[in-house]
Amino acid sequence: MSLQNIKEFLKIVKLYFQNRLKPLRMVQKYYDISIDEYLALSPRQRCKLIEEVACKERKRKIEEREKQNKELDKQSEALFSEIKQRRKEC
């Protein structure tokens, strides 16, 4: 392992123990940002970036959930119409 790799690893460990690794990973999912750049940001800027990414992530999850619900509706539509046709007469 080179010295550079060890330094990067130690930065990751430091972030992990400060509970800041998860937000960094989330930000890296949407932006090409290094650990050094992330640490160089002010806390306010870091917070803004995390909030922006969190909004994108929420939007993505909502769209994914809606897509799954539509697919489920399509799958159950035939069964639903069949059940309505078999309705008991009162």
Side-chain angles (χ1 to χ4, degrees):
M1 255 180 133
S2 71
L3 185 60
Q4 186 63 29
N5 289 344
I6 292 172
K7 286 181 179 179
E8 286 294 314
F9 177 74
L10 290 175
K11 288 176 188 175
I12 291 172
V13 170
K14 178 183 173 187
L15 286 173
Y16 177 78
F17 284 109
Q18 293 176 346
N19 292 325
R20 292 193 291 175
L21 184 61
K22 194 171 184 179
L24 170 64
R25 294 293 184 221
M26 193 169 69
V27 168
Q28 285 179 328
K29 193 174 181 180
Y30 289 92
Y31 296 102
D32 184 27
I33 185 171
S34 70
I35 296 172
D36 292 327
E37 291 171 330
Y38 182 76
L39 293 174
L41 292 173
S42 72
R44 179 176 273 171
Q45 290 171 328
R46 221 179 286 141
C47 212
K48 272 184 178 178
L49 198 57
I50 291 168
E51 286 175 1
E52 184 179 314
V53 168
C55 286
K56 288 180 181 181
E57 193 69 17
R58 265 185 252 121
K59 184 178 177 183
R60 185 189 63 77
K61 285 182 181 180
I62 289 170
E63 288 172 353
E64 187 177 300
R65 194 176 318 121
E66 286 176 358
K67 183 179 175 184
Q68 288 174 346
N69 287 341
K70 285 180 183 179
E71 186 65 33
L72 231 134
D73 285 347
K74 283 181 183 177
Q75 292 173 353
S76 65
E77 188 65 38
L79 179 62
F80 180 74
S81 60
E82 182 182 318
I83 291 172
K84 286 195 72 137
Q85 290 173 357
R86 293 186 289 169
R87 190 169 71 202
K88 290 183 179 178
E89 294 179 18
C90 295

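Quantities reported herein were computed from a predicted structural model and do not represent experimental measurements.
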Quiz item: To the nearest 0.5 Å, what is the distance between CE (M26) and CG (L21)?
Solution: 12.0 Å
Practice problem: Go through the structure and list residues passing side-chain contact (heavy atoms from CB on, under 4.5 Å) with K56, not counting sequence neighbours. | Solution: Y30, Y31, E52
Quiz item: If you group Ile, Leu, Val, Met, Phe, Trp and Tyr whenever their side-chain heavy atoms sit less than 4.5 Å apart, what else falls in with I83?
Solution: L79
Quiz item: Applying the salt bridge (charged side-chain N to carboxylate O under 4.0 Å, His left out) test to E57, which of K22, R25, K29 qualifies?
Solution: K29
Quiz prompt | salt bridge (Lys or Arg N to Asp or Glu O under 4.0 Å) contacts in which one or both residues fall within residues 61-81, not counting sequence neighbours | solution = R60-E64
Practice problem: Mind checking side-chain contact (heavy atoms from CB on, under 4.5 Å) for S2 and listing every partner two or more places apart, or none if nothing turns up? | Solution: Q4, N5
Quiz item: Which residues pass the side-chain contact (heavy atoms from CB on, under 4.5 Å) test with I6, sequence neighbours left out?
Solution: M1, L10
Under 3.5 Å, which donor-acceptor pairs do the side chains of residues 32-45 form with other protein atoms, sequence neighbours left out?
{"residue": "S34", "atom": "OG", "partner": "E37", "partner atom": "N", "Å": "3.2"}
{"residue": "D36", "atom": "OD1", "partner": "K11", "partner atom": "NZ", "Å": "2.2"}
{"residue": "D36", "atom": "OD2", "partner": "K11", "partner atom": "NZ", "Å": "3.1"}
{"residue": "E37", "atom": "OE1", "partner": "S34", "partner atom": "N", "Å": "2.9"}
{"residue": "S42", "atom": "OG", "partner": "Q45", "partner atom": "N", "Å": "3.2"}
{"residue": "S42", "atom": "OG", "partner": "Q45", "partner atom": "OE1", "Å": "3.4"}
{"residue": "Q45", "atom": "OE1", "partner": "S42", "partner atom": "N", "Å": "3.2"}

